[in-house]
Visitor: 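Just dropping this structure here.
As the structure is a prediction and not an experimental result, all values here were calculated from the model. Every heavy atom of this structure was used, including side-chain atoms; hydrogens, water molecules and symmetry mates were not. Below, read A as the first sequence line, B as the second, and so on, with proteins coming before strands; counting in each chain starts at 1.
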Amino acid sequence: MTTIDPSLFEDLQARGLIAQTTGGDALTEYLAEGGRTLYSGFDPTADSLHIGHLVPLLALKRFQQAGHKPIALVGGATGLVGDPSFKAAERKLNTPDIVAGWTQKLKDQVSRFIDFECGDNSAEVVNNLDWVGQMNVLDFLRDVGKHFSVNNMINKESVKQRIDREGSGISFTEFTYMLLQSYDFAELYKRYECTLQIGGSDQWGNITGGIDLARRMYGGEAFGMTLPLVTKSDGTKFGKTESGTVWLDPDKTSPYAFYQFWLATADADVYKFLRYFTFLPMAEIVEIEEADRAGEGRPQAQGVLAREMTALIHGVEGLQAAERITDALFSGSLDQLGETDLMQLKLDGLPSSTLSRGDLGEKPLTQWLVDAGMAASGKQVKDALGRDAVLINGEAISFERNLDAQACFAEELARYQRFYIVKLGKKKYHLFEVL
RNA sequence: GCAGGGGUUCCCGAGUGGCCAAAGGGAUCAGACUGUAAAUCUGACGCGAAAGCUUCGGUGGUUCGAAUCCACCCCCCUGCACCA
């Protein structure tokens, strides 16, 4: 028997991780009484999860640590349809084979966060295509559709803007999404006695739909709980950087970039993020917060957050790699880097490219940097050049030298005859190896 | 199918024959200030180092000149019709 941690709910509450629940106190008691089975769904809308998915994913882990059995559902079926909840416009459908590929990737990713070998409350990963894919239309309409009232569905807040707003609309396909997700819950209730679904607060409508359906189809009592949508104090979208979404896949977002993302968290958000994302005990987080408030200068919270998150997602090795690069680049000791250090930085995920010395004359510096992905356009590089914001191995490059890339990457400037660390702006680094 | 309204640069959204690479806002990037924060200020923001080149759903026209006018086509929205 696994032991149940009765303080789970309290902890979640203290972390601000509970947006809404059904059942009120009944749910708290229900969870405290014994090991329960819960699930959260992840639709394959890309080939990787991103940090926006972390809150529900880590919540599954929190429940598991407290003794409950988590099920991660990957939406091989729902991903084919598209969730309209709070989306401004209809989405493009992806082909079944693409979605199938993504489903597999997400399954692998999700699996790394929950424990599959811990006895009674071992995790499960399921794919809703396994049951939805078999179903025929008439069964669906008769067994599932009959339990839903269109009148209620169109009144859901999550689809309201699609219904009300001039210039938008919703297809029957997306409108039906809620039925599929509800059916998932009912099915998991039947198969695993899964009685709790968690998800982002945008999922409230879909979750309550599932609770109702489980009751109507099987007479079961089920619960729902939503987690807050992560917002930033400045109103911009969480999880995006200049280079795009922050993915969990290290091939899409390197551990270094991942680490840097968390390190750049605004003061106004950092303590909230420590609560939301890390497994540090609440007491410790409060301590950090108080220490920062009392101390002068730069707070320590961002560093803690970055280390915790990078270790959690990319393991200790990923964290070490990220820290190696960060130390090398930001502690002002570029000169101290040896040849092997430079090569290691490349392996660690510092963005890098290899150029051929003979080709350098072909393009101006701006173009080389754009090609390397350091800037979106030559204009941006030009702007930086004019402000002495482009450094090659520590030396500022003036605008006039732009045309002569040969001279910018002169041999006598090279480290170990071939390495150049180019810095654009305050934070963007790129390692060029010129052979 | 018919009628009406739309499709503008990342997003929102002005522009209805030249002064338009296209207002304004947001986002983003860079600089100053800082702590690899925030706020604020400054600059950039279709592509190009530049000369210049390419854009306003698509194609073809009218015109010295089109995002703006015309024709056809594609797509979206609303209503009506069809389904009855």
Visitor: Measuring only the C1' atom in each nucleotide, how far is G61(B) from C47(B)? A whole number of Å is fine.
Guide: 28 Å
Visitor: Please compare K232(A) and S377(A) by the position of their nearest nucleotide in RNA chain B and report the one closer to 5'.
Guide: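 First, find each residue's nearest nucleotide; the 5'-ward one identifies K232(A).
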Visitor: Regarding D184(A) and W131(A), is there a side-chain donor-to-acceptor distance under 3.5 Å anywhere?
Guide: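 Yes, side-chain donor-acceptor contact under 3.5 Å.
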Visitor: Is U16(B) paired to anything, Watson-Crick or G-U wobble with both distances less than 3.5 Å, and if yes, which nucleotide?
Guide: none
Visitor: May I ask you to verify if any side-chain N or O of K382(A) is less than 4.0 angstrom from the OP1 or OP2 atom of G48(B)?
Guide: no
Visitor: Say we look at G57(B) and C75(B): how far apart would their C1' atoms be, to the nearest angstrom?
Guide: 7 Å
Visitor: Quote, to the nearest angstrom, the C1' distance that separates A39(B) from A32(B).
Guide: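 These two C1' atoms come out 14 Å apart once rounded.
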Visitor: Have T326(A) and Q260(A) got a donor and an acceptor in their side chains that come within less than 3.5 Å?
Guide: yes
Visitor: Partner lookup for C69(B), please. Criteria are Watson-Crick or G-U wobble with both distances under 3.5 angstrom; report none if nothing qualifies.
Guide: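 Pair assignment: C69(B) / G61(B).
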Visitor: Specify the separation, in whole Å, of atom NZ of K363(A) and atom P of C47(B).
Guide: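 Nearest whole value for this atom pair: 17 Å.
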Visitor: In Watson-Crick or G-U wobble terms, both distances under 3.5 Å, what is the partner of A44(B)?
Guide: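 Base-paired to U28(B).
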Visitor: In this structure, how many angstroms lie between the C1' atom of A49(B) and the CH2 atom of W368(A), rounded?
Guide: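 After rounding, the reported distance stands at 15 Å.
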Visitor: Within this structure, what is the CG-to-P distance between N402(A) and G48(B), rounded to whole angstrom?
Guide: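 That distance rounds to 11 Å.
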Visitor: I'd like to know whether Q181(A) forms a side chain to side chain donor-acceptor pair (under 3.5 Å) with Q203(A), so could you lay out the CA-CA distance, the side-chain angles of the two residues, the decisive distance to 0.1 Å, and finally the verdict.
Guide: CA-CA 10 Å; Q181(A) 187 169 328; Q203(A) 293 299 308; 3.1 Å; yes
Visitor: Say we look at U16(B) and A67(B): how far apart would their P atoms be, to the nearest angstrom?
Guide: 13 Å
Visitor: Rounded to whole angstrom, note down the P distance from U28(B) over to A37(B).
Guide: 14 Å
Visitor: Within this structure, what is the NZ-to-C1' distance between K428(A) and A30(B), rounded to whole angstrom?
Guide: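 Computing the K428(A):NZ to A30(B):C1' distance gives 8 Å.
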Visitor: So which nucleotide does G35(B) pair with, by the Watson-Crick or G-U wobble rule with both distances under 3.5 Å?
Guide: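 For G35(B), the partner nucleotide comes out as none, under the 3.5 Å rule.
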Visitor: Decide yes or no, distance alone: a donor-acceptor N/O pair under 3.5 angstrom between the base of G48(B) and the side-chain of K379(A).
Guide: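 Indeed, a donor on one side and an acceptor on the other fall under 3.5 Å apart.
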Visitor: Distance between the P atoms of A81(B) and C74(B), in whole angstroms?
Guide: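 Here A81(B) and C74(B) have their P atoms 25 Å from each other.
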Visitor: Specify the separation, in whole Å, of atom CE of M374(A) and atom C1' of A30(B).
Guide: 13 Å
Visitor: Here's one to test your reading of the geometry: is the NZ or CZ of R62(A) within 45 degrees of the ring axis of F279(A) and under 6.0 Å from its centre?
Guide: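 That pair qualifies as a cation-pi contact.
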Visitor: Aromatic rings H314(A) and F258(A): how do their planes relate, parallel, tilted or perpendicular, breaks at 30° and 60°?
Guide: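 Geometry flag for F258(A) against H314(A): perpendicular rings.
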Visitor: Select base, sugar-phosphate, or nothing to describe what A389(A) touches, counting heavy atoms under 4.0 Å on all strands.
Guide: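 Sugar-phosphate, backbone atoms only, no base.
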Visitor: Can you sort out the partners of D234(A) under side chain to side chain donor-acceptor pair (under 3.5 Å), two or more places apart, ordered by chain and number?
Guide: T236(A)
Visitor: So which nucleotide does C2(B) pair with, by the Watson-Crick or G-U wobble rule with both distances under 3.5 Å?
Guide: G79(B)
Visitor: Whole-Å distance between C47(B) P and D371(A) CG?
Guide: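 D371(A) atom CG is separated from C47(B) atom P by 14 Å.
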Visitor: Between D267(A) and Q302(A), does any side-chain donor sit less than 3.5 Å from a side-chain acceptor?
Guide: yes
Visitor: Verify the distance criterion only: is there a donor paired with an acceptor across the side chains of D139(A) and N136(A) at less than 3.5 Å?
Guide: yes
Visitor: In B/S/- notation, 5' to 3', how is nucleotides 33-43 of chain B contacted by protein heavy atoms closer than 4.0 Å?
Guide: BBBBB-S---B
Visitor: Using the P atom on both, measure A22(B) against A30(B) and round to a whole Å.
Guide: 24 Å
Visitor: If you pin L424(A) and V370(A) to their nearest nucleotides in RNA chain B, which one's is more 5'?
Guide: L424(A)
Visitor: Rounded off to whole Å, could you give me the CG-to-P distance for the L385(A) and A49(B) pair?
Guide: 10 Å
Visitor: Could you state the CD-C1' distance from E362(A) to A49(B), rounded to the nearest angstrom?
Guide: 16 Å
Visitor: Applying the Watson-Crick and G-U wobble criteria at under 3.5 Å, what pairs with U54(B)? Answer none if nothing qualifies.
Guide: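 Paired with no nucleotide.
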Visitor: Can you list, pair by pair, the side-chain donor-acceptor contacts under 3.5 Å of residues 382-397 of chain A, counting residues two or more places apart and other chains?
Guide:
unit_1, atom_1, unit_2, atom_2, d
D383(A), OD1, R387(A), NE, 3.1
N393(A), OD1, I421(A), N, 2.8
N393(A), ND2, L413(A), O, 2.9
N393(A), ND2, F419(A), O, 3.2
E395(A), OE2, R401(A), NH1, 3.2

Visitor: Quote, to the nearest angstrom, the P distance that separates G52(B) from A21(B).
Guide: 13 Å
